Amino acid sequence: MPKVKVDGIEIEVENGTSVLQACEIAGKEIPRFCYHERLSIAGNCRMCLVEMEKSPKPVASCAMPVAEGQVIYTNTEMVKKAREGVMEFLLINHPLDCPICDQGGECDLQDQSVKYGGGTSRYELNKRSVKEKYMGPLIKTQMNRCIHCTRCIRFAEEVAGVPELGSINRGENMEITTYLEKTLDSELSANVIDLCPVGALTSKPYAFEARPWELTKTETIDVMDAVGSNIRVDTKGWEVKRILPRVNEDINEEWISDKTRYACDGLLTNRIDHPYIRKNGKLIECSWDEAFLKISEEVSKTANIGGLVGGMVDLETIFALKDFLIKISGSASIDFRQKDFYIDSSHLCNNLFNTSIAGIDESDLILLVGANPRLEATIINSRIRKNFINKKTEIFTIGDPGEQTYKIISLGDNLKVLKDIENNNSIFSEKIKTSKKPIIIIGESVLNAKQGRFVLETSKSILKKYNSLNGLNILHQSASSVGAIMLQAYTNTEEVLKNEILYLIGADEINIDTKNKFVIYQGTHGSKNAKIADVILPGAAYTEKNGLYVNLEGRVQSAFKASFPPGNAKEDWKILRALSDALNKPLKFNTIEQLRYKMFEFNPALKRVDQLPSIDVNTLGTENVEVIDSKVNYLPIDYYHSNEIAKSSKTMLECKIARQSFKKTGTEN
């Protein structure tokens with residue numbers, strides 16, 4: 001490993017390290033605009049100039065690899081003068097928009113011009129003008145401010161996998177554009193807003209909403225899918241103004257999906273903020289006591305009660321509902337499955353993404369079985385693309401998942417192909433023999449009662465043959481699925497629906513036959529199942545309460561309260577606790593700490609927050625199963641309207657319309 005000196009400090013770095021990285025290892029701050037750790041090196045802003053011994057002129061540190069014996073200076077008069085000159089060039093055409101720019105207060109150009117700029121400019125001619133570009137309903141453009149760092153272009157091509165951004169013209173006339181001026185065809189498109197070091201690309205829904213110093217910032221997690229992306233929720237009063245990514249190398253790196261970022265405006269609309277009871281066929285606003293009295297009257301007639309939980313319900317609520325049902329009826333008739341979904345309860349690894357999200361980076365062979373990562377788990381898809389780009393890993397599929405952001409090789413659309421692979425009658429059989437870390441990703445589309453057992457057992461058999469059982473991965477779509485499995489909150493959905501009283505908590509996707517049934521709906525939005533309910537109890541959304549969730553890896557994560565529920569809405573576990581008192585069958589907890597203590601007693605693994613589960617995947621058993629001869633039928637995914645928060649979001653509706661418009665006409669705007 002080469003040894004270099006940075007401002008008199010001798011350090012040893014790995015081969016391939018850039019001079020910029022070496023300076024940072026030595027504790028020196030190097031300004032930059034175009035350089036980004038997760039993108040390829042462009043070297044076009046020249047802000048990272050340093051002085052190097054025996055070099056007659058300053059060196060762009062981001063593009064210069066270290067070599068043995070280099071002597072680097074980061075704070076000499078030459079470096080200071082060079083940076084002032086670069087900053088002067090960058091500001092030549094930059095408008096004085098800081099008072100009205102949404103980037104104000106968190107702008108790299110502002111910060112670095114103060115620290116490294118010269119304070120005056122010798123340029124006196126008029127600034128150039130560049131017209132705004134249309135990039136869809138999410139990204140607002142002010143291209144007069146663009147400094148041509150090309151981060152957005154490199155992100156679109158390298159990370160998002162949609163090379164739709166580029167530059168046209170040369171020199172002073174250079175412009176960043178989408179060519180056809182259309183919505184970026186990516187579920188990660190809005191990450192370019194975070195990458196932009198100036199105010200050229202800003203958030204269109206957030207425009208002129210608030211300044212950074214006016215916002216209360218809460219670090220929490222996302223529940224729009226089962227990935228558990230780490231996010232920061234920024235609130236002003238009660239309103240959630242924006243959601244930004246937090247860096248977590250094990251999960252989402254520093255990216256989040258557009259739905260995670262922008263569905264938050266759905267938290268403000270179509271909310272249930274008071275209890276309701278049905279009188280003469282109409283839902284009438286009432287008090288909590290009246291709602292509880294109505295439920296008490298029905299429970300006194302029959303203890304035949306079952307519960308269904310939705311896709312964004314936290315562990316505490318699932319456990320409290322299960323405990324509540326046992327108190328009322330003596331058994332827990334509860335489930336989280338709103339569609340046909342096979343579960344093998346013999347081993348937890350049958351239901352997890354065992355490779356781990358970060359483990360995708362190390363894989364050398366990938367097989368998708370009825371999975372569509374792009375729409376089911378966007379962040380997982382970005383990891384697969386990263387592997388595809390960096391390692392040229394071959395990605396095979398059984399079934400046609402539609403357009404992905406990497407090349408896929410189809411093995412056909414019949415599940416019998418899995419048996420062919422097991423019997424060495426497929427090209428994939430030859431590939432897996434020579435691979436060291438193969439993984440199979442199974443989507444929910446093939447995990448139904450008819451196909452699920454065959455797909456799961458055959459996949460395990462294939463991987464076990466090559467001692468790679470940790471390559472078994474279930475791609476869950478809902479944030480509550482794995483947590484409900486760990487709490488054993490599943491019996492049989494059909495049996496649950498036979499109960500005379502149904503208690504739904506955020507269960508919005510299932511169709512309910514209300515004939516001879518009393519339906520209680522507890523949730524946040526006026527969904528289709530809220531409209532058919534006999535009693536509605538207003539709950540809290542994921543940003544309005546503290547709670548635990550388990551992501552698809554089996555990693556327990558903490559969500560924290562960033563806002564508060566509207567009106568008379570309450571946290572879900574508190575509603576169940578109060579209702580149990582009204583029914584004279586009180587639950588044995590009064591605080592969330594007491595509830596968690598009981599929950600941890602039931603499953604001690606839930607104590608291990610932010611850690612992967614310590615389960616030996618090699619103890620997984622396999623069974624011989626009957627071969628299934630059937631095609632992969634993908635479940636329809638309405639990406640921008642996948643849950644009630646997203647359905648209530650104006651921004652998600654605009655995204656859906658823009659995407660559909662382009663697919664129909666081939667143009668937008």
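Just so we're clear, the structure is a prediction, and the values are computed from it rather than from any experiment. Sequential numbering from 1 along the given sequence is applied to the chain's residues.
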Margin query: Main chain of Gly471, side chain of Asn473: is a donor-acceptor contact present, judged purely on distance under 3.5 Å?
Written below: yes
Note to self: Check this for me: Lys450, atom NZ, are more than 12 non-hydrogen atoms of other residues, nucleotides or ligands nearer than 6.0 Å?
What the structure shows: no
Checklist line | Ile398 vs Leu368 side-chain heavy atoms within contact, under 4.5 Å | finding: no
Next item on the list: For the pair Asn603 (side chain) and Leu487 (backbone), establish whether a donor and an acceptor sit closer than 3.5 Å, ignoring hydrogens and angles.
Entry: no
Check: Side-chain contact, heavy-atom cut-off 4.5 Å: Val227 with Asp222?
Finding: no
Note to self: Donor-acceptor check, side chain of Asn372 to backbone of Pro401, threshold 3.5 angstrom: yes or no?
What the structure shows: yes
Check: Which heavy-atom pair separates Arg453 from Asn624 by the least distance, and what is that distance?
Finding: NH2-O, 4.5 Å
Check: If we ignore angles and hydrogens, is there a donor and acceptor under 3.5 Å between the side chains of Thr378 and Tyr639?
Finding: yes
Next item on the list: Give a yes or no on whether the backbone of Ile360 and the side-chain of Ser363 come within a donor-acceptor separation of less than 3.5 Å.
Entry: no
Note to self: Test your reading of the model: is there a side-chain donor-acceptor pair from Asp629 to the backbone of Lys416, 3.5 Å cut-off?
What the structure shows: no
Next item on the list: Could you please spell out the steps behind the side-chain contact (heavy atoms from CB on, under 4.5 Å) verdict for Asp344 and Tyr342?
Entry: CA-CA 7 Å; Asp344 184 342; Tyr342 172 77; 3.9 Å; yes
Item checked: Side chain to side chain, Leu552 and Ile474, heavy atoms closer than 4.5 Å -> no
Checklist line | Side-chain touch Ser642/Met224, heavy atoms, less than 4.5 angstrom | finding: no
Notebook entry, point to check: Sub-3.5 Å donor-acceptor pair from the side chain of Asn354 to the main-chain atoms of Cys349, do we have one?
Noted result: yes
Item checked: Within 6.0 Å of CD in Glu601, more than 12 heavy atoms from elsewhere -> yes
Margin query: Between Thr317 and Ile505, is there a side-chain heavy-atom distance shorter than 4.5 Å?
Written below: yes
Notebook entry, point to check: Rounded to the nearest 0.5 Å, what separation is found between the OG1 atom of Thr397 and the CD1 atom of Ile441?
Noted result: 10.0 Å
Margin query: Quick check: do Glu253 and Lys386 have side-chain heavy atoms less than 4.5 Å from each other?
Written below: yes
Note to self: So Leu188 and Asn381, do their side chains get closer than 4.5 Å, heavy atoms only?
What the structure shows: no
Item checked: Backbone N/O of Glu495 and side chain of Asn492: donor-acceptor pair under 3.5 Å -> yes
Next item on the list: Compute both the distance and the angle, then confirm whether Lys598 meets the cation-pi test with Phe319: under 6.0 Å from the six-membered ring centre, within 45 degrees of the axis.
Entry: no
Next item on the list: Nearest 0.5 Å please: distance from the CD atom of Glu644 over to the OG atom of Ser649.
Entry: 12.5 Å
Notebook entry, point to check: So, Asp323 and Lys588, do they make that salt bridge, N to O below 4.0 Å?
Noted result: no
Notebook entry, point to check: So with a 6.0 Å cut-off around NZ of Lys561, is the heavy-atom count from everything else above 12?
Noted result: yes
Check: Can you list every ring pair (Phe, Tyr, Trp, His ring centres under 6.0 Å) pair that touches residues 451-503, not counting sequence neighbours?
Finding: Phe324-Tyr503, Phe341-His476
Next item on the list: Give a yes or no on whether Asn467 atom CG has more than 12 heavy-atom contacts from other residues, nucleotides or ligands under 6.0 Å away.
Entry: no
Next item on the list: Salt-bridge test for Glu444 and Lys339: reply yes if a basic N is under 4.0 Å from a carboxylate O, no otherwise.
Entry: yes
Checklist line | Lys/Arg-Asp/Glu bridge criterion (N-O < 4.0 Å) met for Asp508, Lys528 | finding: no
Notebook entry, point to check: Between the main-chain N or O of Ser257 and the side-chain N or O of Tyr262, is there a donor-acceptor pair closer than 3.5 Å?
Noted result: no
Next item on the list: Would you confirm whether Asp364, through its side chain, and Lys436, through its main-chain N or O, come within 3.5 Å as a donor-acceptor pair?
Entry: yes
Notebook entry, point to check: Between CG of Asp258 and OG of Ser186, what distance do you get to the nearest 0.5 Å?
Noted result: 6.5 Å
Item checked: Pairs where residues 365-417 contributes a residue and the test ring pair (Phe, Tyr, Trp, His ring centres under 6.0 Å) is met, not counting sequence neighbours -> Phe396-Phe428
Checklist line | side-chain hydrogen bond (donor to acceptor under 3.5 Å, both in side chains) partner of Glu316, the single match among Lys574, Arg596, Lys545 | finding: Arg596
Notebook entry, point to check: Thinking salt bridges, do Arg374 and Glu187 make one under a 4.0 Å N-O criterion?
Noted result: yes
Next item on the list: With the side chain counted from C-beta on, respond yes when Ile305 and Ser333 share a heavy-atom pair under 4.5 Å apart, and no when they do not.
Entry: no
Next item on the list: Give the minimum heavy-atom separation between Ala559 and Ile221, together with the two atoms involved.
Entry: CB-CG1, 3.9 Å
Notebook entry, point to check: If only atom types and distance count, is the side chain of Asn252 paired as donor or acceptor with the main-chain N or O of Asn230 below 3.5 Å?
Noted result: yes
